[in-house]
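Just follow the structure's listing: the first ligand is 1, and inside any ligand the first atom is 1.
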Amino acid sequence: MLRISPLFLMTFLLCACTGGGESPSAHVKQENFGVTPDGDSVDLYTLTNPNGVTMEVTNYGGIITSLRVPDRTGTLDDVVLGFDSLSAYTSTAYRAANPYFGALIGRYGNRIAGGTFSLNGTTYTLATNNGPNHLHGGREGFDQVVWSAEPFQKDDRVGIVFSHTSPDGHGGYPGRLDVEVTYTLTPDNTVAFDYHATTTKATPVNLTQHSYFNLDGDGDGPILDHELQLYADRFTPVDSTLIPTGELRSVAGTPFDFTEPTPIGARIENTNKQLEYGGGYDHNFVLAEHPSDTLRLAARVYEPDTGRLLTVRTTEPGVQFYSGNFLDGSFSGKGELYEKREGLALETQHFPNSPNQPHFPSTILRPDEEYTSRTTYQFSVRDAQ
Ligand code: GLA
């Protein structure tokens with residue numbers, strides 16, 4: 001009888017996975033992720049780069065379900081909140097509370113006051129799904145769309161092109177909106193999002209990505225020790241329903257000053273009306289002025305224990321920093337309960353409620369224009385200080 005030693009078997013399996021000791025080559029794996037309550041079959045794509053970084057994404061909502069990146073010792077861990085089954089994302093309880101884990105957001109990321117706006121003399125009414133306001137595209141936002149998906153590999157870059165046509169009038173929005181969003185995982189451990197849209201009628205558009213990060217590893221405690229730097233010296237203060245008042249307020253001397261790296265937990269419990277309204281940080285920051293078609297530094301997040309560093313760049317004028325205040329342990333993903341402030345989101349965007357704030361940068365896309373926007377999340381490490 002042929003006997004194989006466990007050591008030989010382990011070595012053989014490792015070599016098979018890494019291509020004989022060399023770095024793994026970039027590749028995309030596609031598998032079935034289940035069937036939505038509406039009967040649509042959806043897939044899960046696993047993107048792997050040459051460093052072994054993996055990102056799992058489904059064409060249901062363009063949701064990133066998992067993202068494994070190295071710490072300073074090279075150990076990979078999953079740094080995003082999410083679930084490992086489709087039914088967890090489509091359940092009635094999840095949709096009712098919708099924290100938008102990892103989802104592609106549209107047609108309008110963030111809030112529109114009272115779910116209403118006027119354009120060219122017509123008043124439009126949208127769903128109010130967040131108190132009195134419209135949030136993240138309403139009850140049937142892009143986070144619940146089954147997107148057409150085209151995976152690709154170009155040399156050592158891998159990605160997926162998601163496309164979707166939102167019909168004229170869908171959810172109350174004017175115009176048919178043709179949307180294409182490309183997710184790319186590059187060899188320098190960057191995840192890039194390229195957004196493109198065209199419309200048949202003037203309409204507001206504000207697309208973003210709603211991944212929650214915990215650089216310790218998901219389900220591994222609060223993000224309060226993460227050191228955040230925001231390249232913003234102003235933010236948009238809000239009313240009690242989180243609608244901007246219209247003011248662009250200086251962060252100087254306030255708990256909103258992240259111009260130098262500062263632990264998120266350092267001032268989050270300070271007595272401050274804005275922190276009270278947000279239940280913590282849930283505010284749009286005004287990024288430093290800059291030509292709108294090139295990437296600007298928006299944020300850096302550093303986790304001192306693991307050394308993981310996330311750098312966010314964007315062509316957008318703003319970023320919503322949300323400190324996971326509404327997480328309350330109602331959802332457990334990948335075997336972990338997600339409690340308050342166990343994840344943070346950095347949603348690059350135009351400012352909330354822009355359709356009702358004429359002095360904010362415009363979010364109106366017209367039929368003779370193209371919407372383009374780019375955001376990158378780059379993962380690296382820093383040595384211990
Ligand atoms: C955005 C909002 C938050 C919250 C989350 C989802 O970040 O600004 O208030 O609604 O989405 O829970």
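- Salt bridge absent: Arg111 and Glu347 never bring a charged side-chain N and a carboxylate O closer than 4.0 Å.
- Which parts of ligand 1 touch Arg111 is read off a 4.0 Å heavy-atom cut-off, strictly below it: atoms 2 (C), 3 (C), 8 (O), 9 (O), 10 (O).
- Looking at every heavy atom in both residues, His134 comes nearest to Gly115 through CB-CA, 3.7 Å.
- Atom 3 (C) of ligand 1 has Asp282 OD2, 3.0 Å as its closest protein atom, hydrogens excluded (heavy atom only).
- The protein non-hydrogen atom at the shortest distance from atom 7 (O) of ligand 1 is Glu347 OE2, 2.7 Å.
- Checked for salt-bridge contact, Arg176 and Asp178 meet the test: a charged N lies under 4.0 Å from a carboxylate O.
- For the pair Arg267 and Phe258, the cation-pi criterion (under 6.0 Å, within 45° of the ring axis) is fulfilled.
- At under 3.5 Å, not a single nitrogen or oxygen of Asn110, backbone or side chain, sits near a nitrogen or oxygen of ligand 1.
- In this structure, Pro99 has a heavy atom closer than 4.0 Å to ligand 1.
- For ligand 1, the polar-atom distance check against Asn130 finds no nitrogen or oxygen pair separated by under 3.5 Å.
- Between Phe117 and Tyr124, the ring-plane angle classifies as parallel under the 30° and 60° cut-offs.
- A donor and an acceptor atom, one from each side chain of Thr36 and Asp38, are nowhere located under 3.5 Å apart.
- By the 6.0 Å and 45° rule, Arg296 does not stack over the aromatic ring of Tyr231.
- For ligand 1 and Leu135, the ligand atoms under 4.0 Å from any heavy atom of the residue are 10 (O).
- Scanning the protein heavy atoms around atom 1 (C) of ligand 1, the nearest turns out to be His136 NE2, 3.2 Å.
- The heavy atom nearest to atom 12 (O) of ligand 1, out of those in Tyr281, Phe321, Phe101, Tyr212, is found in Tyr212.
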